[in-house]
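Step one of this worksheet: look at the structure below.
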Amino acid sequence: MSRKILVTSALPYANGPIHIGHLVEYIQTDIWVRFQKLRGNRCIYICADDTHGTAIMISARREGIPEEEFIQRMYEAHVRDFAGFDIEFDNYGSTHSPENREICEVFWRALRQAGLVIEKEVTQLFDPVAGVFLADRFVKGTCPNPACHAPDQYGDSCDRCGHTHSPAELIHPVSTISGAKPELRTARHLFVQIERLHDFLEEWTQTGDHLQPEIANYLKAHFLSEPLRDWDVSRPAPYFGFEIPDSPGNYWYVWFDAPIGYIGSTKQWCDRTGESLDDWWRNPETEVHHFIGKDITYFHCLFWPAMLKTAGFNLPRKIHIHGFLTVNGEKMSKSKGTFIKAETYLRHLDPSYLRYYYAAKLSSRVEDIDLNLEEFVSKVNTDLVGNIVNLASRTARFLEGQNLSPTYPDDSGLFAQAAADGQAIAEAYEKCDFGKAMRLILAAGDRANQFIERAAPWNLKKDPAKQSQLRDVCTIGLNLFRQLVIYLSPVLPRLAAQTGKLLNDPVSSWDQSQVPLVGNRVAPFEHMMTRVPKEKLAAVVEESREVEVASGGGEGNRPAEGVSPETADTDETLQREPLLTSTVTIDDFAKIDLRVARVLAAEEVPGADKLLKLTLSLGGNHTRTVFAGIKKAYKPGDLVGRLVILVANLAPRKMRFGTSEGMILAAGWGDDQVFLLAPDQGAKPGHRVH
RNA sequence: GGGCCCGUAGCUCAGCGGUGAGAGCAGGGGACUCAUAAUCCCUUGGUCGGGGGUUCGAAUCCCUCCGGGCCUACCA
């Protein structure tokens with residue numbers, strides 16, 4: 001009987017691009033969903049961007065655009081990246097949608113009605129310059145542990161001594177947003193008394209196979225052994241999110257509306273397709289499966305079931321939790337070039353490679369998986385090109401333009417054996433043990449290659465009397481190939497499509513693996529997948545490598561550690577701004593009067609997003625007023641006193657805020673990527689630059 | 001500090017109480033030539049992190065130590 005399955009992946013935060021770490025989850029989920037669809041189950045894949053919270057508010061502010069515009073831009077990038085990896089959502093929405101707001105209100109009313117919401121005073125650090133409350137992550141200062149006193153530590157714990165503290169305990173706390181000294185402020189927050197659902201959560205997490213065993217153990221030992229603390233679900237303005245209807249000035253915390261986004265996004269899909277939301281979310285027949293990373297375990301395994309239970313929605317049938325991705329055995333690193341963005345990967349490599357590699361490495365456990373770049377190359381080349389695709393490559397050509405044998409020849413049980421393997425392969429897929437599924441498929445591929453080796457069609461070809469035998473051998477080879485492609489089609493949809501064309505029979509159902517194909521016309525063979533060139537992978541790493549230099553802001557420019565400039569510099573800058581092809585003469589250059597100048601004053605310009613008003617001294621009483629578009633990269637206070645290079649004879653220009661009497665030199669693309677030029681020590685205001 | 005998980009051949013992993021511990025890649029030797037230097041056959045290699053225990057029997061269960069990863073709630 002066909003199952004009804006609703007599947008989600010965690011909502012990616014709309015504060016950065018999709019990278020290969022994210023893709024572990026989306027590829028894993030997409031494979032599982034495609035498998036379910038192939039098996040004939042009714043299955044939909046729902047996801048959305050997670051768009052609220054302080055971090056996004058700050059990022060948008062930094063770019064000088066409204067949050068809505070910021071998240072829209074990110075949305076488009078995410079959708080494009082996912083599509084590039086053949087990740088096929090039935091709906092990809094946003095938590096910042098009317099549908100989501102509506103469902104949030106449904107949950108909120110239910111929590112209120114159940115009497116679970118209470119109000120408490122919360123004292124938090126507040127940034128008086130930026131005008132926002134500061135999460136721990138946004139406060140830095142000196143570790144309060146007397147034995148440590150390490151500088152530059154986050155508000156929650158010290159990474160030098162491991163001491164945990166509250167941000168208010170930090171010595172010399174500083175807001176990482178504005179650099180201002182935070183002050184303590186009190187506000188009323190709304191809390192959900194999740195402890196009142198303790199018994200339910202104990203029962204739900206410990207029985208019924210909803211969680212992997214290690215996760216159930218973890219929750220029991222860590223959270224359920226003591227009373228659950230009240231969950232703070234509101235944030236005072238300013239906050240980018242949804243205002244709480246019965247508590248003006250307060251907003252739902254991003255983690256309140258994010259999981260609700262699963263339902264909000266489903267509602268969008270329902271409205272579009274004429275389906276009923278209750279049929280999917282308030283229906284015991286529907287299985288809800290969440291795929292998430294281990295870092296967000298407690299939100300999904302405690303808060304979320306508690307909310308669903310209270311509001312009367314379906315509880316998850318299963319929460320599938322995966323580990324993190326490491327690259328070459330280490331955390332992804334920008335300076336090593338292993339922090340690889342989806343977009344960068346796609347510029348050089350076929351998405352099928354990564355889909356297969358992840359599939360081969362994934363199990364149903366919570367373990368981290370490692371992307372070993374050398375192994376990646378050898379696995380794709382050996383398993384996919386050498387073993388699987390090679391089956392078609394070495395037989396299809398003998399039958400080009402002809403038909404497969406009219407009845408399936410005797411293959412001494414090979415097809416039947418692989419058909420029987422289908423059972424174990426399907427079970428492995430169902431349990432998310434994709435690695436096992438791949439191993440079984442590859443083993444069948446080995447047997448098929450052995451068969452072809454023994455049957456030696458290349459010898460049959462030479463003998464005109466053996467042409468029908470040749471056709472039989474190739475019919476067997478192509479059928480064994482097709483069978484494996486059907487098994488692989490959740491992982492490699494492109495290969496499945498190509499195979500469908502080759503044999504004139506599109507892959508659409510798992511059952512096709514159980515019956516040999518006969519009589520079909522064989523289309524001319526074209527390469528289905530090419531080997532991974534090592535250089536391509538090297539190019540990806542090279543392009544991903546970034547020199548970790550803090551951009552112009554408060555912390556100053558720290559040289560990157562452990563990175564030699566020769567190996568670290570890419571030509572990304574030149575690609576973005578190619579060298580000019582026209583030349584100038586020395587006389588042309590001499591017309592520009594470049595001078596060293598000292599910044600006497602720097603101030604913000606009311607109403608201007610990008611401009612700072614600078615007062616520069618060329619020595620003595622020679623001063624100039626210059627408006628510079630560097631506000632997003634520099635704080636006024638950091639500029640006063642430093643030396644810059646001024647174009648002293650640039651024609652004055654009237655601007656909306658006053659007249660600019662020159663221009664200062666800087667490198668970079670603009671916005672926060674602005675790096676002022678400065679002379680080495682010893683230069684004096686008024687010196688000409690030659 | 002507390003907790004969860006992991007530690008099996010050079011590498012990536014399977015096996016998770018019962019025939020002499022396995023696969024792929026890498027290494028060595030050979031065959032073949034249809035195929036994207038693909039494929040096929042043979043082969044080198046491990047006191048299953050250390051120690052103790054339970055058992056007729058342990059890589060597999062328990063304890064302990066060592067090493068690694070992660071989590072620890074107003075972090076997104």
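Quick caveat: nothing in here was measured; it's all calculated off a predicted structure. Order of the sequence lines fixes the chain letters, A, B, ..., with proteins taken first and strands second; residue numbering starts at 1 for each chain.
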Send over the distance from [X] [atom1] to [N] [atom2], rounded to a whole Å.
{"X": "A:Asn381", "N": "B:A26", "atom1": "CG", "atom2": "P", "answer": "10 Å"}
{"X": "A:Leu391", "N": "B:U36", "atom1": "CG", "atom2": "P", "answer": "14 Å"}
{"X": "A:Glu375", "N": "B:G24", "atom1": "CD", "atom2": "P", "answer": "14 Å"}
{"X": "A:Arg439", "N": "B:C13", "atom1": "CZ", "atom2": "C1'", "answer": "7 Å"}
{"X": "A:Asp350", "N": "B:U36", "atom1": "CG", "atom2": "P", "answer": "18 Å"}
{"X": "A:Arg394", "N": "B:C34", "atom1": "CZ", "atom2": "C1'", "answer": "7 Å"}
{"X": "A:Glu453", "N": "B:C42", "atom1": "CD", "atom2": "C1'", "answer": "14 Å"}
{"X": "A:Ile369", "N": "B:C13", "atom1": "CD1", "atom2": "C1'", "answer": "12 Å"}

Could you check whether [X] gets within reach of a base, just the sugar-phosphate, or nothing at all, counting any heavy atom under 4.0 Å?
{"X": "A:Ile296", "answer": "base"}
{"X": "A:Val366", "answer": "nothing"}
{"X": "A:Asp446", "answer": "sugar-phosphate"}
{"X": "A:Gly53", "answer": "nothing"}
{"X": "A:Trp231", "answer": "nothing"}
{"X": "A:Arg454", "answer": "nothing"}
{"X": "A:Asn390", "answer": "base"}
{"X": "A:Val389", "answer": "base"}
{"X": "A:Lys361", "answer": "sugar-phosphate"}
{"X": "A:Tyr253", "answer": "sugar-phosphate"}

Answer yes when [X] and [Y] have at least one side-chain N-carboxylate O distance shorter than 4.0 Å, and no when they do not.
{"X": "A:Asp81", "Y": "A:Lys341", "value": "no"}
{"X": "A:Asp232", "Y": "A:Arg235", "value": "yes"}
{"X": "A:Lys361", "Y": "A:Glu375", "value": "yes"}

Check your understanding: Would one find more than 12 heavy atoms of other residues, nucleotides or ligands at under 6.0 Å from atom NZ of A:Lys318?
Key -> yes
Going by distance alone, is a donor N or O of one side chain under 3.5 Å from an acceptor N or O of the other, for [X] and [Y]?
{"X": "A:Gln450", "Y": "A:Arg447", "answer": "no"}
{"X": "A:Asp446", "Y": "A:Asn387", "answer": "yes"}
{"X": "A:Asp433", "Y": "A:Ser363", "answer": "no"}
{"X": "A:Asn250", "Y": "A:Arg188", "answer": "no"}

Revision key, fill the gap. Of A:Glu214 and A:Arg447, the one whose closest nucleotide on RNA chain B sits nearer the 5' end is A:Glu214
Review point. Of A:Tyr239 and A:Thr395, whose nearest nucleotide on RNA chain B comes first from the 5' end?
Key: A:Thr395
Measuring only the [atom1] atom in each nucleotide, how far is [N] from [M]? A whole number of Å is fine.
{"N": "B:A31", "M": "B:U36", "atom1": "P", "answer": "23 Å"}
{"N": "B:A73", "M": "B:C62", "atom1": "C1'", "answer": "33 Å"}
{"N": "B:A14", "M": "B:G7", "atom1": "C1'", "answer": "15 Å"}
{"N": "B:G45", "M": "B:G53", "atom1": "C1'", "answer": "32 Å"}
{"N": "B:U44", "M": "B:G29", "atom1": "P", "answer": "14 Å"}
{"N": "B:G20", "M": "B:G3", "atom1": "P", "answer": "39 Å"}
{"N": "B:G10", "M": "B:C61", "atom1": "C1'", "answer": "31 Å"}
{"N": "B:U43", "M": "B:A58", "atom1": "C1'", "answer": "30 Å"}

Check your understanding: Within the pair A:Asn459 and B:C34, is there a side-chain N or O less than 4.0 Å away from OP1 or OP2?
Key -> no
Check your understanding: Taking only N and O in the side chain of A:Arg235, is any of them less than 4.0 Å away from OP1 or OP2 of B:C74?
Key -> no
Point to revise | Whether A:Ser234 side chain and A:Leu190 backbone form a donor-acceptor pair below 3.5 Å | key: yes
What's the closest nucleotide to the [X] side chain, out of [options]?
{"X": "A:Gln124", "options": "B:C5, B:C74, B:C16", "value": "B:C74"}
{"X": "A:Phe299", "options": "B:C25, B:C75, B:C6", "value": "B:C75"}
{"X": "A:Tyr298", "options": "B:C40, B:C74, B:U36", "value": "B:C74"}
{"X": "A:Thr382", "options": "B:C6, B:U39, B:C74", "value": "B:U39"}
{"X": "A:Gln450", "options": "B:C75, B:C5, B:C41", "value": "B:C41"}

**Study point:** Ring-base stacking, A:Tyr218 with B:C4 (5.5 Å, 30° cut-offs)
**Key:** no
Study note, to complete from the structure: The single option from A:Trp304, A:Trp252, A:Phe303 that satisfies ring pair (Phe, Tyr, Trp, His ring centres under 6.0 Å) with A:Phe107 is A:Trp304
Return the nucleotide paired to [N]: Watson-Crick means purine N1 to pyrimidine N3 with N6-O4 or O6-N4, wobble means G-U with N1-O2 and O6-N3, both under 3.5 Å.
{"N": "B:C74", "answer": "none"}
{"N": "B:A9", "answer": "none"}
{"N": "B:G27", "answer": "B:U43"}
{"N": "B:U60", "answer": "none"}

Restricting to nitrogen or oxygen on both sides, can you table the protein-nucleotides 66-70 of chain B pairs closer than 3.5 Å?
residue	atom	partner	partner atom	Å
B:G69	O2'	A:Asp368	OD2	2.9

Exercise for review: With A:Ile194 as reference, evaluate A:Leu116, A:Asp230, A:Leu201 under the side chain to side chain contact (heavy atoms under 4.5 Å, CB included) test and give the passing residue.
Suggested key: A:Leu201
